[in-house]
Enquirer: 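Below: one structure in structure tokens.
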Amino acid sequence: MLEVEAIDVAYGKRRALEGVSLSVGEGEVVTLLGANGAGKSTTLRAISGLVRPGRGRILCDGRDLTRAPADAIVALGIAHVPEGRELFPDFTVEENLLVGAHRRWQREAVREGLERAHRLFPILRERRRQRAATLSGGEQQMLAIARALMARPRMLLLDEPSLGLAPRLVTEIFRVIDEIHATGVGILLVEQNARLALGAATRGYVLETGRVVAEGPSAVLREDPRIRQAYLGLAGTPP
Ligand code: ATP
């Protein structure tokens, strides 16, 4: 469904990505691993149209989105949950969800979207009149994911969903990721916790200083001595 072909992205003179290529199939979960500053968030931003590649192409179902406006990319079915969540702190939970609804004038679709969000995250129903700023970190992450789902995407770009969360909430977020996957939505997952990310994804890519240095099925990446040492904190050679 999604093809990123050899993109370069720079912030001013600083090159963040160089020749990055990756693909995510319909309904597939793929992870993007890498140290801080490797270019993971930049890759997601390029796909969702928030930064523009200087070179290379991004295709969705064969259609070129490299220069498409961000709202057109959402309309094609790609929704981004940014690192840091970027909620509207003074809006209520429900108002934040409504911001995510791509076709707000379709009342039936909005109602269904809210019901889906509440089914996936019952806590958001309980808190629907509460300001987003007053939610816990885990609840804010749930709201950010639920808001992206309001656009009825076929693919979610998830940036560090477990960041700063207590272990119990991390487990909960990954349970939800599995549930979203089970509904046929594809996921490109950026995650510091490589063990969990490789558990949730069928394939992965490893970025180092803006380049893809390894890729393959999760089971193969898990056995790669460099990945075991650098990302999984294990001895180089598998037992
Ligand atoms: P992290 O896990 O720390 O978020 P990352 O892999 O997501 O890291 P990016 O945020 O994509 O990395 O950053 C890639 C490079 O681009 C880094 O060197 C970073 O300092 C730089 N960079 C990111 N955003 C900007 C910006 N808005 N302006 C200038 N440089 C930036």
Side-chain angles (χ1 to χ4, degrees), residues 2-24 29-58 65-70 73-74 78-87 137-138 140-141 143-145 147-148 155-167 169-170 173-174 177 186-201 203-216 218 221-222 224 226-233:
L2 176 73
E3 297 276 349
V4 174
E5 294 180 352
I7 58 167
D8 287 357
V9 173
Y11 295 104
K13 284 200 164 41
R14 178 193 289 252
R15 171 147 316 168
L17 298 181
E18 211 169 334
V20 168
S21 295
L22 60 84
S23 67
V24 185
V29 181
V30 172
T31 187
L32 193 53
L33 303 177
N36 285 338
K40 306 179 300 295
S41 299
T42 302
T43 305
L44 299 193
R45 278 187 221 126
I47 296 167
S48 58
L50 302 176
V51 295
R52 296 291 176 202
R55 216 171 52 94
R57 294 196 310 168
I58 300 170
L65 354 150
T66 322
R67 313 256 164 257
I73 295 172
V74 175
I78 299 177
H80 188 175
V81 184
E83 185 177 349
R85 293 136 205 177
E86 295 179 15
L87 299 167
Q140 290 190 12
Q141 185 61 61
L143 178 54
I145 295 174
R147 181 181 59 180
M155 179 164 307
L156 268 189
L157 311 176
L158 278 181
D159 200 346
E160 303 275 8
S162 78
L163 196 72
L165 301 187
L169 288 170
V170 174
I173 292 287
F174 272 81
I177 289 174
I187 299 175
L188 180 55
L189 172 66
V190 166
E191 177 54 56
Q192 288 281 331
N193 187 328
R195 195 180 311 270
L196 280 174
L198 288 171
R203 287 191 304 118
Y205 295 83
V206 181
L207 272 184
E208 275 174 21
T209 55
R211 291 167 181 269
V212 174
V213 295
E215 62 180 276
S218 298
L221 291 178
R222 251 192 239 114
D224 181 316
R226 270 180 57 207
I227 292 165
R228 285 170 59 85
Q229 279 180 322
Y231 300 102
L232 297 170

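Quantities reported herein were computed from a predicted structural model and do not represent experimental measurements. For ligands, and for the atoms within them, numbers begin at 1 and follow the listed sequence.
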Enquirer: Would you please write out the protein residues whose heavy atoms approach any atom of ligand 1 to under 4.0 angstrom, listed by chain and number?
Expert: Y11, R14, A16, A35, N36, G37, A38, G39, K40, S41, T42, R45, E83, E160, Q192
Enquirer: With a 4.5 Å heavy-atom cut-off, do L189 and F174 have their side chains touching?
Expert: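 L189 vs F174: side chains touch.
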Enquirer: Counting C-beta onward and ignoring hydrogens, is there a side-chain heavy-atom pair between V81 and Q141 closer than 4.5 Å?
Expert: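 Sidechains of Q141 and V81: in contact.
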Enquirer: How far apart are the closest heavy atoms of R147 and L87, and which atoms are they?
Expert: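 Residues R147 and L87, closest heavy atoms: NH1-CA, 3.7 Å.
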Enquirer: So, do Y205 and V20 sit near enough that their side-chain heavy atoms are less than 4.5 Å apart?
Expert: no
Enquirer: When you check the side-chain N and O atoms of S162 and E191, is any donor under 3.5 Å from an acceptor?
Expert: yes
Enquirer: How about Y11 and T42: does a side-chain donor come under 3.5 Å of a side-chain acceptor?
Expert: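 A pair is found: one side chain offers a donor N or O, the other an acceptor, under 3.5 Å apart.
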